[in-house]
Participant: 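My structure is below; once you've seen it, I'll send some questions.
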Amino acid sequence: LLSLHGASPDQIEGGILGSVVPVLSGRVLAALRILCSARILTVGPGLKSGIKLLLDNPAQLGAELLCGAVAALAESAGPLVVISADTAISMMAVNEKQELVGGVILPGVYASLEGLRSSTAQLPYVSLKQPASVIGRNTADCICSGLVLGHAISLDGFTDRFMAELKLEPAETALLATGGAAPLILGACRHHFQYDPHLTLKGLSAIFENTRQRAGRNP
């Protein structure tokens with residue numbers, strides 16, 4: 001990556017790692033330390049993110065979810081709902097005080113497809129796409145409708161319930177989404193979610209800058 005951008009390791013002044021695979025985190029950090037002498041921060045307990053977490057155990061919050069919420073707050077002052085749609089789909093709610101109050105986690109669309117295929121005798125693995133009709137007329141279309149529209153309906157329904165429980169006004173609540181599977185689902189949602197494929201990276205950058213500013217120097 002450095003060579004692609006014509007950069008050298010000695011130009012690195014600092015770095016930050018957000019990982020949701022604990023068994024690989026140490027290996028990646030070790031590789032980065034071999035690559036350069038700069039301090040590499042890790043998203044997790046003890047690192048100031050700039051957002052208050054109203055969670056029973058903040059340490060359980062995935063790095064990508066925290067980064068997404070931080071980046072979303074840079075786009076909107078809140079309240080807001082942030083979706084991350086990959087292997088799993090996570091939805092986090094941030095109130096008008098810019099506090100992350102919690103959310104929901106459900107199986108992602110491709111994980112659901114694999115579970116459907118592996119747990120049944122005759123249902124095939126299909127290429128998912130947005131269905132033209134909610135009523136499928138063949139097996140592949142029925143699966144696409146069930147999974148794509150099913151997840152879209154879930155996202156719409158959870159968003160409505162988030163806003164109702166937190167007493168948020170729909171017109172004043174920002175809706176943001178990221179993740180590789182998000183474009184497949186968002187087009188079928190009734191709510192309009194602003195999609196940003198780089199939301200997690202933007203959050204990483206924001207946390208890094210916040211930490212550097214607090215330290216008054218390069219971390």
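Note that this is a predicted model, so its numbers are computed, not measured.
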Participant: Look at the side-chain heavy atoms of Ile, Leu, Val, Met, Phe, Trp and Tyr, link any pair under 4.5 Å apart, and say whether Ile153 and Val134 land in one connected group.
Facilitator: no
Participant: Measuring only between side-chain heavy atoms, which start at C-beta, is Leu47 closer than 4.5 Å to Leu41?
Facilitator: yes
Participant: Between OG of Ser133 and CG of Leu149, what distance do you get to the nearest 0.5 Å?
Facilitator: 8.5 Å
Participant: Leu53 vs Glu99, test: side chain to side chain contact (heavy atoms under 4.5 Å, CB included). Steps then yes/no.
Facilitator: CA-CA 6 Å; Leu53 307 179; Glu99 300 166 329; over 6 Å; no
Participant: Surrounding CG of Leu1 (heavy atoms of other residues, nucleotides or ligands, distance under 6.0 Å), is the total greater than 12?
Facilitator: no
Participant: Is there a donor-acceptor pair closer than 3.5 Å between any side-chain N or O of Ser205 and the backbone N or O of Leu201?
Facilitator: no
Participant: Can you check whether His191's main-chain N or O pairs, donor with acceptor, with Asp156's side chain at less than 3.5 Å?
Facilitator: yes
Participant: State plainly whether one hydrophobic cluster holds both Leu155 and Val81, where clusters connect Ile, Leu, Val, Met, Phe, Trp and Tyr through side-chain heavy atoms under 4.5 angstrom apart.
Facilitator: yes
Participant: Can you tell me how far CD1 of Ile40 sits from CZ of Phe208, rounded to the nearest 0.5 angstrom?
Facilitator: 8.0 Å
Participant: Restricting to non-hydrogen atoms, name the atom on Cys144 and the atom on Val126 that form the minimum distance, rounded to 0.1 Å.
Facilitator: SG-CG2, 4.4 Å
Participant: What's the separation between atom OG in Ser119 and atom CD in Glu114, rounded to the nearest 0.5 Å?
Facilitator: 8.5 Å
Participant: Which atoms form the tightest heavy-atom contact between Gly68 and Leu199, and what is the distance?
Facilitator: O-CD2, 3.8 Å
Participant: Is there a side chain to side chain contact (heavy atoms under 4.5 Å, CB included) between Gln11 and Leu2? Walk through the geometry before answering.
Facilitator: CA-CA 10 Å; Gln11 292 177 285; Leu2 291 173; over 6 Å; no
Participant: Of all heavy-atom pairs between Ser90 and Leu65, which one has the smallest distance, and what is that distance?
Facilitator: CB-CD2, 3.3 Å
Participant: Is there a side-chain contact between Ile143 and Leu147, using heavy atoms and a 4.5 Å cut-off?
Facilitator: yes
Participant: Are Ile16 and Val43 close enough that some pair of their side-chain heavy atoms sits under 4.5 Å apart?
Facilitator: yes
Participant: Determine whether a donor-acceptor pair (N or O, by modelled atom type, separation under 3.5 Å) exists between the side chain of Ser76 and the backbone of Ala174.
Facilitator: no
Participant: Output, in order, the C-alpha distance, side-chain angles, deciding distance and verdict of side chain to side chain contact (heavy atoms under 4.5 Å, CB included) for Cys67 and Glu64.
Facilitator: CA-CA 5 Å; Cys67 290; Glu64 85 286 11; 5.7 Å; no
Participant: Is a side-chain N or O of Ser37 found less than 3.5 angstrom from the main chain of Arg33, in a donor-acceptor match?
Facilitator: no
Participant: For atom CG of Asp56, decide whether the heavy atoms of other residues, nucleotides or ligands shown that lie under 6.0 angstrom number more than 12.
Facilitator: no
Participant: Drop me the distance from Thr173's OG1 to Asn95's CG, to the nearest 0.5 angstrom.
Facilitator: 10.5 Å
Participant: To the nearest 0.5 Å, how far apart are CZ in Phe193 and CG in Leu80?
Facilitator: 11.5 Å
Participant: Any chain of hydrophobic side-chain contacts (each under 4.5 Å) joining Leu73 to Leu175?
Facilitator: no
Participant: Do Ile12 and Leu35 come within less than 4.5 Å of each other through their side chains, counting heavy atoms only?
Facilitator: yes
Participant: Same cluster or not: are Ile83 and Val70 linked, directly or through other Ile, Leu, Val, Met, Phe, Trp or Tyr residues, by side-chain heavy atoms under 4.5 angstrom apart?
Facilitator: no
Participant: Can you tell me how far apart OG (Ser112) and CD1 (Ile89) are? Round to the nearest 0.5 Å.
Facilitator: 7.0 Å
Participant: So if you build clusters from Ile, Leu, Val, Met, Phe, Trp, Tyr with side-chain heavy-atom gaps below 4.5 Å, do Tyr125 and Leu128 land together?
Facilitator: yes
Participant: Please confirm whether the backbone N or O of Leu176 pairs with a side-chain atom of Asp196, one donor and one acceptor, at under 3.5 Å?
Facilitator: no
Participant: Looking only at non-hydrogen atoms, find the nearest pair between Phe162 and Met92 and report the distance.
Facilitator: CE2-C, 4.2 Å
Participant: Is there side-chain contact between Met163 and Glu169, with heavy atoms separated by less than 4.5 Å?
Facilitator: no
Participant: Is a donor on one side and an acceptor on the other found under 3.5 Å between the side chain of Asp86 and the backbone of Ala88?
Facilitator: no
Participant: Main chain of Ala72, side chain of Glu75: is a donor-acceptor contact present, judged purely on distance under 3.5 Å?
Facilitator: no
Participant: Below 4.5 Å, heavy atoms only, C-beta onward: do Arg117 and Leu123 meet side chain to side chain?
Facilitator: no
Participant: Does a sphere of radius 6.0 Å around CD1 in Ile135 hold more than 12 heavy atoms from other residues, nucleotides or ligands, not counting ones at 6.0 Å or beyond?
Facilitator: no
Participant: With a 4.5 Å cut-off on side-chain heavy atoms, are Asp10 and Cys36 touching?
Facilitator: no
Participant: So do Tyr110 and Thr87 actually touch side chain to side chain, heavy atoms under 4.5 Å?
Facilitator: no
Participant: If you compare all heavy atoms of Ser118 against all heavy atoms of Gly115, which two are closest, and at what distance to 0.1 Å?
Facilitator: OG-O, 3.4 Å
Participant: For Leu184, is there any backbone N or O sitting under 3.5 Å from a side-chain donor or acceptor partner on Gln130?
Facilitator: yes
Participant: To check you understand the geometry: which heavy-atom pair defines the closest contact between Leu55 and Gly102, and what is its length?
Facilitator: CD2-CA, 3.6 Å
Participant: Could you walk me through whether Val101 and Val94 pass the side chain to side chain contact (heavy atoms under 4.5 Å, CB included) check?
Facilitator: CA-CA 6 Å; Val101 298; Val94 177; over 6 Å; no
Participant: Judged by atom type as modelled, is there a donor-acceptor pair below 3.5 Å linking the side chain of Gln98 to the main-chain atoms of Ala77?
Facilitator: yes
Participant: Look at the side chain of His151 and the backbone N and O of Pro107, then say whether any donor-acceptor pair between them is shorter than 3.5 Å.
Facilitator: yes
